[in-house]
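We name chains A, B, ... by the order of the sequence lines, and we start the count at 1 in each one.
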2 protein chains.
Amino acid sequence: MHTKEKILMEGMELFATLGYNGTSMTKIADRVGLQKSSLYAHYSSKEELFMDVTTKIAADYVYFVKSTFENDGQTTEEKLYLSFQAHVKDMANHDSSIEFYNRFSSYPPKGFESRTLELLRDSEEQARKAFKEEIKKAQKAGDITDEVSLEDAARAFYGLLDGLSYETSYYDMDIIENHGESMWKVFWRGVKA
Amino acid sequence: MHTKEKILMEGMELFATLGYNGTSMTKIADRVGLQKSSLYAHYSSKEELFMDVTTKIAADYVYFVKSTFENDGQTTEEKLYLSFQAHVKDMANHDSSIEFYNRFSSYPPKGFESRTLELLRDSEEQARKAFKEEIKKAQKAGDITDEVSLEDAARAFYGLLDGLSYETSYYDMDIIENHGESMWKVFWRGVKA
DNA sequence: GTCTATAGTCGGATAGAC
DNA sequence: GTCTATCCGACTATAGAC
């Protein structure tokens with residue numbers, strides 16, 4: 001079963017950087033050190049392999065988001081900020097699972113868009129729920145103003161992350177970190193009590 | 001010369017919605033009402049056609065951004081908001097030239113990434129310059145606080161648009177408009193004097 | 001400029017020996 | 001499970017008649 005895991009990993013990285021059409025079974029096989037026909041002993045088709053990767057990525061993302069809240073922040077502002085920072089750091093490092101997530105959330109492979117999006121959007125929804133809860137706490141604690149509704153604050157926070165996601169694909173580490181810093185400053189001034 | 005323009009337009013829409021690999025010369029020819037071999041009387045290759053589309057898109061984008069500032073806003077806040085709104089409206093309508101711009105800024109076709117990005121990023125830079133000038137004016141006029149640096153305010157504004165760009169590819173019109181509204185509220189509270 | 005026909009390549013997937 | 005060999009389809013691009 002070790003081979004199958006390796007196929008999954010190499011497939012994930014290639015899909016993330018080259019896209020679905022750009023990744024051929026031959027390229028995956030080369031990386032694993034097999035002939036492409038041997039891949040079919042583990043996966044019945046390229047689509048099935050892709051869906052298996054997607055399933056893993058979706059699960060990992062929810063786990064990642066939840067883990068970003070298990071930090072040492074004292075106030076809710078700090079907790080939110082540290083979670084945000086964890087995202088910035090991962091994106092700035094061009095973590096390939098994040099790249100996979102961003103790429104196929106926006107551009108799922110033609111032919112099985114719905115199967116792909118179902119998995120990714122479900123995990124996205126869970127992640128947003130986690131964010132919203134944290135913001136709700138901050139609002140109750142009086143750290144976030146009542147002038148801005150919970151819904152508005154939450155959407156603005158997602159927007160922050162989506163902006164970073166977009167920039168990830170075409171900026172380098174230091175620029176992303178600078179932008180993250182600036183966006184956070186304005187965001188926090190916009191929601192703080 | 002009418003045929004060549006039609007090829008350009010149909011190519012743009014197909015590239016925008018199906019991507020580079022997803023768009024075959026046959027599909028373009030079908031839309032124009034030709035055999036694919038006839039396309040080669042106008043463009044020597046698929047790549048050359050793509051680059052011609054990209055050149056047009058890059059020029060149009062700068063023009064679009066500048067035109068969003070020629071609005072009826074009285075205060076600089078209103079001017080900035082109306083420009084932002086114009087972006088939201090175009091994105092919410094899934095304008096195909098905007099989709100082309102977003103898609104290939106993030107995922108340029110493999111093999112000639114640099115040629116593509118050179119054109120797109122140059123226009124991006126011009127657009128950002130235009131935004132920055134407008135924000136500078138607002139800061140001088142006292143509409144935007146001095147607590148936030150010009151650089152931070154400008155980056156946060158780009159971030160707003162980048163967030164919307166990201167969401168464009170997977171939300172519908174009404175959701176994008178709602179998110180735009182929320183993001184603007186928080187942004188403005190974050191920068192206003 | 002547009003057509004038909006075709007060359008040449010590369011992709012996913014299967015058959016069958018080991 | 002992995003290999004070699006092969007099929008089949010889709011694609012870009014060219015040749016040559018009209």
**Request:** Round to a whole Å and report the spacing from NZ of A/Lys27 to P of C/dG12.
**Result:** 9 Å
**Message:** Could you tell me how far apart B/Leu18 (CG) and D/dA10 (C1') are, to the nearest whole angstrom?
**Reply:** 15 Å
**Request:** Report the distance from atom NZ of A/Lys36 to atom C1' of C/dG11, rounded to the nearest whole Å.
**Result:** 6 Å
**Request:** Look at all strands and tell whether B/Ser37 reaches a base, only sugar-phosphate, or nothing, counting heavy atoms closer than 4.0 Å.
**Result:** base
**Request:** Name the closest nucleotide to the A/Gln35 side chain, picking from D/dC3, D/dA13, C/dT4.
**Result:** D/dC3
**Asked** Where does the angle between the aromatic ring planes of B/Tyr20 and B/Phe15 fall among parallel (under 30°), tilted (30 to 60°) and perpendicular (over 60°)?
**Response** parallel
**Message:** Does C/dG1 have its OP1 or OP2 closer than 4.0 Å to a side-chain nitrogen or oxygen of B/Ser38?
**Reply:** no
**Complete:** From OH of A/Tyr40 across to P of C/dG11 the rounded distance in Å is 11 Å
**Complete:** Rounded to whole Å, CE of B/Met25 lies from P of C/dT2 at a distance of 13 Å
**Request:** Please tell me which of the listed nucleotides, C/dG12, C/dT4, C/dT2, lies nearest to the side chain of B/Thr3?
**Result:** C/dT2
**Prompt:** Which of parallel (below 30°), tilted (30 to 60°) and perpendicular (above 60°) describes B/Phe157 and B/Phe131?
**Reply:** perpendicular
**Message:** Output the rounded distance in Å from CG (B/Leu34) to P (D/dA13).
**Reply:** 17 Å
**Message:** I'd like to know if B/Arg189 and A/Glu147 make a salt bridge, using a cut-off of under 4.0 Å between side-chain N and carboxylate O.
**Reply:** yes
**Item:** Atom-pair distance (CD on A/Glu48; C1' on C/dA13), nearest Å
**Value:** 13 Å
**Request:** Ignoring the backbone of B/Ser24, work out which of D/dC11, C/dG1, C/dA13 is nearest its side chain.
**Result:** D/dC11
**Request:** Could you point out which residue of B/Tyr107, B/Phe50, B/Tyr61 forms a ring pair (Phe, Tyr, Trp, His ring centres under 6.0 Å) with B/Phe100?
**Result:** B/Phe50
**Prompt:** To the nearest Å, how far apart are A/Tyr43 OH and C/dT14 P?
**Reply:** 17 Å
